[in-house]
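What follows is a set of notes on a single structure, which appears directly below.
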Amino acid sequence: MAILYNPPENIFHLQTDTASYIIRVLESGHLAHLYWGKGIRNSNFENLLKMQERASFSPNVSGSDKALSLDTLPQEYPAYGNGDFRTPAFQLQLENGSTITDLRYQSHRIYSGKPKLEGLPATYAEQEDEAETLEIDLFDSLISLRVILSYTVFKNRNVVARSARLANEGTQQFKLLRALSMSVDLPRCDYDLLQLQGAWARERYMERRPLAHGNQSIESRRSASGHQLNPFMALLSKNAGENYGEVYGFSLVYSGSFIAQVEVDQFDTARVSMGINPFDFTWKLEPGSSFQTPEAVMVYSERGLGHMSREYHRLYRSRLCRGKHRDSSRPVLINNWEATYFDFNAEKILDIAREGANLGMELFVLDDGWFGKRDSDNCSLGDWFVDKRKLPDGLKDLASKVNQLGLKFGLWFEPEMISPDSDLYRAHPDWCLHVPGRKRTEARNQLVLDYSRKDVCDAIIKMVSDILSTAPVAYVKWDMNRNMTEIGSAVLPADRQRETAHRYILGLYRVMEEITSRFPDILFESCSGGGGRFDPGILYYMPQTWTSDDTDAVERLKIQHGTSIVYPAGTMGAHVSAVPNHQVGRITPIETRGNAAMCGNFGYELDLTKLSKADKSAVREQVRTYKEIRHIIQFGDMYRLLSPFEGNETAWIFVTEDKSEAFLTFFRVLAQPHAPLSRIRLEGLDEARNYKLEGTDLVMSGDILMNFGLNVPELQGDYASFSLRLKAI
Ligand code: DGJ
């Protein structure tokens, strides 16, 4: 890792573990992107940039150099209005109505470490020598606009983390119309675009399509990252697969509306950019103020998608997630949602918890329905006081009784919402997002609190903190069950109304920061109707997310496989639920439900008191196994061996960093008559070591397991699976 500056040529060479990213300042002061790819030695890069005179439709920067046109120059943070007709990285409107800016290089700084992004989540360095940062100042001298581009590289990683800060150093007001986090011009366009698309209960399915001329984009206009498209995309060379080929990954550390796009131009170059969605966004930038964009994390892999994912996993696990629980084993939990929904009382809860304790579980989570008068989803959000009809002795008493059973106690909240039928709404009808005179559109009978307001955020911090201080709560599930409509704030002036959605996200981050730092011992899990806000922004505050409301083991294969493209298994909540499954009605064996859920943060979400004797002993065994292997899942490297998007079989292996232990899972969705023999080649092991296959007498060498492969045992019936632990001896 290093950031080198070659003064004679004005070139910055960012060296990651095995990749290079090269930027050049042209004589004109424009910032050109020269290269991003496999690492190259530092040498003279002066002749790398090839420009050529084009038709008059590509205007020139100066009359004396007919080859230099912003329309064809590969750039780092392109402006709008003076010759580049491709997608700009930013745009602002001046007091005279014009939207033209002209940025030129002014100065730069290179230093150890990585500064925090004000008010925003971001990757970080724990020690100064873990990372190096380059800041380049671009300046528009007519209007005194400064744009500071920031690039960080990390020791032993193939990551470039980028963001931009736009500062108004002039005397007039700017109206920011667009401020993306990054833009990069790749010299080719023969790539496939990989995106993670989905819906509620089927999040993050992999979808691959070839790039074509023009703009192709994915975005959210929901003011949440959303179930539909994750704030991530990758460009893959045509031959790229799990283990080979070039892959460029782009992941945005942001939880609101985003855009990620690739524009293929007339000369077959590809401009990739990503950031806050400019749709319905403006920001008033007063003299003396600045705007910080979220961070985009860019990964280059010359060894396929698997390697790219492991780069993200390692970084996000250790330098995005924070707090005490970042490195601690996550508990096996039992959650009452699918067991009782809203229909429970203290006795029922304690019955389930008692059974959980008998089966070896470690945490009981009381889900929705414990507060206000919440017997269904049509009321009480905002009334964060215990419902004495259901829990007459209160939360503290219930939590203590759960603790006495030997389990920790966890609690569900949905702190961003307000029910029209709530005391909070009756007292503060202007606390929700709304536009005067317009209908307040409800979803799940609820409205969204206006987190762009400081007073609302402060009130919520107090309400949640009061509850957390009165009962021994060890875990919080932070839910969010709708997207925003009528986005307007009662306290912002007219010319700032279009800031509301981003201000909401900044408010949310402040609330999360405040609550998680007030209660550092609590493990926080985020949720948004399952995985509707599974993004790096939230992971900065809460190290795990409920992956999906779909708990069916077969559905989970695709959901967890797709999620693992960016996010490590240790961030994914995964539970065993009852059959027939509540989302799809499928009946799968308890072993398969266990094997799928064990590939994440493991838990159960069913009425344990209703389990058969046989299922109970299977569950006891699963809990025991998971406790022994969870360090491999939660902190190891994941290798995707067989994809549920490509066939009937799925296989994953998790391997500890020192390669001494591994956990393999294999799933076959439908049984086949007279089936061919199956053999899977394992990955990530040490070829030179021997591994004991636990539960058998077999010892096999790493090189056999990885090259010849492992014969899959005979499996009977639909939805069959097996798991295997391997230990180096
Ligand atoms: C949506 C979540 O994803 C579920 O797990 C559950 O907590 C419900 N909300 C409760 O309303």
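Read the numbers this way: they start at 1 and go in the same order the structure lists the ligands and their atoms. Here the structure is a predicted model, which is why all the values come from computation and not from measurement.
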Give the atoms of ligand 1, by number and element, whose distance to some non-hydrogen atom of [X] is under 4.0 Å.
X: Asp368; result: 10 (C), 11 (O)
X: Trp546; result: 3 (O), 5 (O)
X: Cys527; result: 2 (C), 3 (O)
X: Gly529; result: 1 (C), 3 (O)
X: Gly530; result: 3 (O)

Protein contact of [atom] - nearest heavy atom, named by residue and atom, plus distance:
atom: atom 9 (N) of ligand 1; value: Asp479 OD2, 2.7 Å
atom: atom 7 (O) of ligand 1; value: Asp367 OD1, 2.6 Å
atom: atom 4 (C) of ligand 1; value: Asp549 OD1, 3.4 Å

Least distance between heavy atoms, Val332 atom then Tyr626 atom: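 Result for this residue pair: CG2-CD2, 3.7 Å.
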
So, Asn581 side chain and Val584 main chain: donor-acceptor pair closer than 3.5 Å or not?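 Yes.
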
Decide if the gap between the ring center of Phe413 and the ring center of Trp370 is smaller than 6.0 angstrom.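 Yes: the rings meet the under 6.0 Å criterion.
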
What about His502 and Tyr254, are their ring centers closer than 6.0 Å?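 Yes - the distance between ring centres of His502 and Tyr254 falls below the 6.0 Å cut-off.
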
Find the distance between CG (Leu642) and CG (Leu557) and round it off to the nearest 0.5 Å.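 Between Leu642 CG and Leu557 CG, I get 11.5 Å after rounding to 0.5 Å.
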
How long is the gap from CG on Leu381 to CG on Asp421, to the nearest 0.5 Å?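 Here the rounded value is 10.0 Å.
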
How about Lys396: does its NZ atom have over 12 heavy atoms from other parts shown lying under 6.0 Å from it?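 Incorrect, the count does not exceed 12.
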
Using a cut-off of 6.0 Å, state whether more than 12 heavy atoms not belonging to Arg438 lie near its atom CZ.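 It does not: Arg438 CZ has 12 such atoms or fewer within range.
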
Taking the minimum heavy-atom distance to atom 8 (C) of ligand 1, which of Tyr341, Trp200, Trp337 ranks first?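 Looking at heavy atoms only, Trp337 sits closest to atom 8 (C) of ligand 1.
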
Between Arg444 and ligand 1, which residue portion shows a heavy-atom distance shorter than 4.0 Å: side chain, backbone, both, or neither?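 Looking at Arg444 and ligand 1, just side chain atoms fall under 4.0 Å.
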
Side chain, backbone, both or neither: Asp377 near ligand 1, heavy atoms under 4.0 Å: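 Asp377 to ligand 1: no contact under 4.0 Å from either part.
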
Just distances here: any N/O of Lys477 and N/O of ligand 1 closer than 3.5 Å?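 Yes; at least one N/O pair falls below 3.5 Å.
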
Would Phe342 and Trp337 count as a ring pair (Phe, Tyr, Trp, His ring centres under 6.0 Å) here? Give the steps. CA-CA 8 Å; Phe342 296 101; Trp337 179 241; 5.2 Å; yes

Return yes when Glu414 approaches ligand 1 closer than 4.0 angstrom through a heavy atom, no otherwise.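 No, Glu414 has no heavy atom closer than 4.0 Å to ligand 1.
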
